Each structure stands twice: as C-alpha cells, then as structure tokens.
Amino acid sequence: MAIKANMTTHDGIALTQAYCVVRSAEVKKLEDDSFELEYQVQIYATAATRAAETEQDNRISNNNLRTLRCVYNPTTGEQNAFKLAYADLKTQSELASIVDA
C-alpha cells in the first residue's frame, strides 16, 4: 500500500507524484487514557526508486511528513493501524493531487 502525491519538501523542492509509504504505525496510550496513532512516512521520487536495492539512499527527506500522529479510538471505527495512517496521511495539507499507488 502506498500513495502518490504532489508536495514540496521542507527544503522547498517541489515533487510531482512522489511515492509515499507508511513504514510503521503504532498505537500509544496517553496519560489521560486516550489513544493516538503515531506513524512514520518514507518518501521516494518513484516506486522504482523505493524498490531499488539502495532504497535507503533514495529516500527524500521531509521534516513535515516524517512522523505524524492522529487520534485513535480502539472501540469504534477502523482498527487497522495502517489503514488509519494512510487515511490520515491523505488529509495532510502538505500533500496535493493524492492517488492510491
């Protein structure tokens, strides 16, 4: 699962249809007994650069989209952390023209 989106990196570099992958998604219980989903995003210029053996060298840095958090409710709605992470990622204002990859 991945998405493609237009974006601008924190360095001001514009990318067209960058390949964005949620690398990890973790549910955390907070001190007030609520929950949040924290997820890590990796960005590549294309799906091919992500599939390359040297994929670590091909990652595009973007501080605004590296680690994201959203509210998680363990009693209602979607329970799959990765599906929730992608749904939240699609709402980020830094992304435009989002499509599933």
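Quick caveat: nothing in here was measured; it's all calculated off a predicted structure. Values reported hereafter were calculated over all heavy atoms of this structure, with side chains retained and with hydrogens, waters and symmetry mates removed.
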Just how far is it from atom [atom1] of [X] to atom [atom2] of [Y], taken to the nearest 0.5 Å?
X	Y	atom1	atom2	result
R50	E55	CZ	CD	6.0 Å
L15	T46	CG	OG1	11.0 Å
C20	L95	SG	CG	5.5 Å
N80	L37	CG	CG	10.0 Å
Q42	S24	CD	OG	8.0 Å

task = Using side-chain hydrogen bond (donor to acceptor under 3.5 Å, both in side chains) as the criterion, point out the one residue from E36, K28, Q79 that pairs with Y72.
result =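 Answer after filtering E36, K28, Q79: Q79.
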Determine yes or no for a side-chain-to-main-chain donor-acceptor pair under 3.5 angstrom, with [X] supplying the side chain and [Y] the backbone.
X	Y	value
D11	I13	no
H10	N64	no
Q17	S97	yes
Q92	E94	no

task = Using a strict cut-off of less than 4.0 Å between a Lys/Arg side-chain nitrogen and an Asp/Glu carboxylate oxygen, indicate whether D100 and K4 qualify as a salt bridge.
result =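 Salt bridge between D100 and K4, a charged N being under 4.0 Å from a carboxylate O: no.
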request  = Report yes if the side chains of V22 and L89 come closer than 4.5 Å at any heavy-atom pair, otherwise no.
outcome  =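 A side-chain contact exists here, since the closest heavy-atom pair is under 4.5 Å.
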ask   = Is there side-chain contact between M7 and L65, with at least one heavy-atom pair below 4.5 Å?
value =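 They are in contact (side-chain heavy atoms under 4.5 Å apart), so the answer is yes.
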key: Pair S34-K29, side chain to side chain contact (heavy atoms under 4.5 Å, CB included): steps then yes or no   = CA-CA 6 Å; S34 65; K29 186 174 182 181; over 6 Å; no
Could you report the tightest heavy-atom contact between [X] and [Y], atom names first, then the distance?
X	Y	value
A52	N58	CB-ND2, 3.8 Å
F82	A25	CZ-N, 3.8 Å
I60	A45	CD1-N, 3.4 Å
A18	I43	CB-CG2, 4.0 Å

[X]-[Y] side chain donor-acceptor pair, cut-off 3.5 Å:
X	Y	result
E26	Y39	no
T75	N73	yes
R59	T49	no

message = salt bridge (Lys or Arg N to Asp or Glu O under 4.0 Å), that's the test. Do R69 and E38 meet it? Break it down for me.
response = CA-CA 4 Å; R69 292 175 181 83; E38 179 180 287; 2.8 Å; yes
ask   = Taking a hydrophobic cluster as the set of Ile, Leu, Val, Met, Phe, Trp and Tyr residues connected by side-chain heavy atoms closer than 4.5 Å, whether directly or through intermediates, do M1 and I3 fall within one such cluster?
value =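 Looking at the clustering, I3 is in the same group as M1.
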task = Can you establish whether the number of heavy atoms outside R23 located under 6.0 Å from its atom CZ is more than 12?
result =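 At most 12 heavy atoms, drawn from other residues, nucleotides or ligands, come within 6.0 Å of this atom.
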request  = List the steps, then state whether side-chain hydrogen bond (donor to acceptor under 3.5 Å, both in side chains) holds for Q40 with T67.
outcome  = CA-CA 5 Å; Q40 308 291 317; T67 301; 2.9 Å; yes
Audit row: V41, V21, side chain to side chain contact (heavy atoms under 4.5 Å, CB included) steps and yes/no = CA-CA 6 Å; V41 178; V21 179; over 6 Å; no
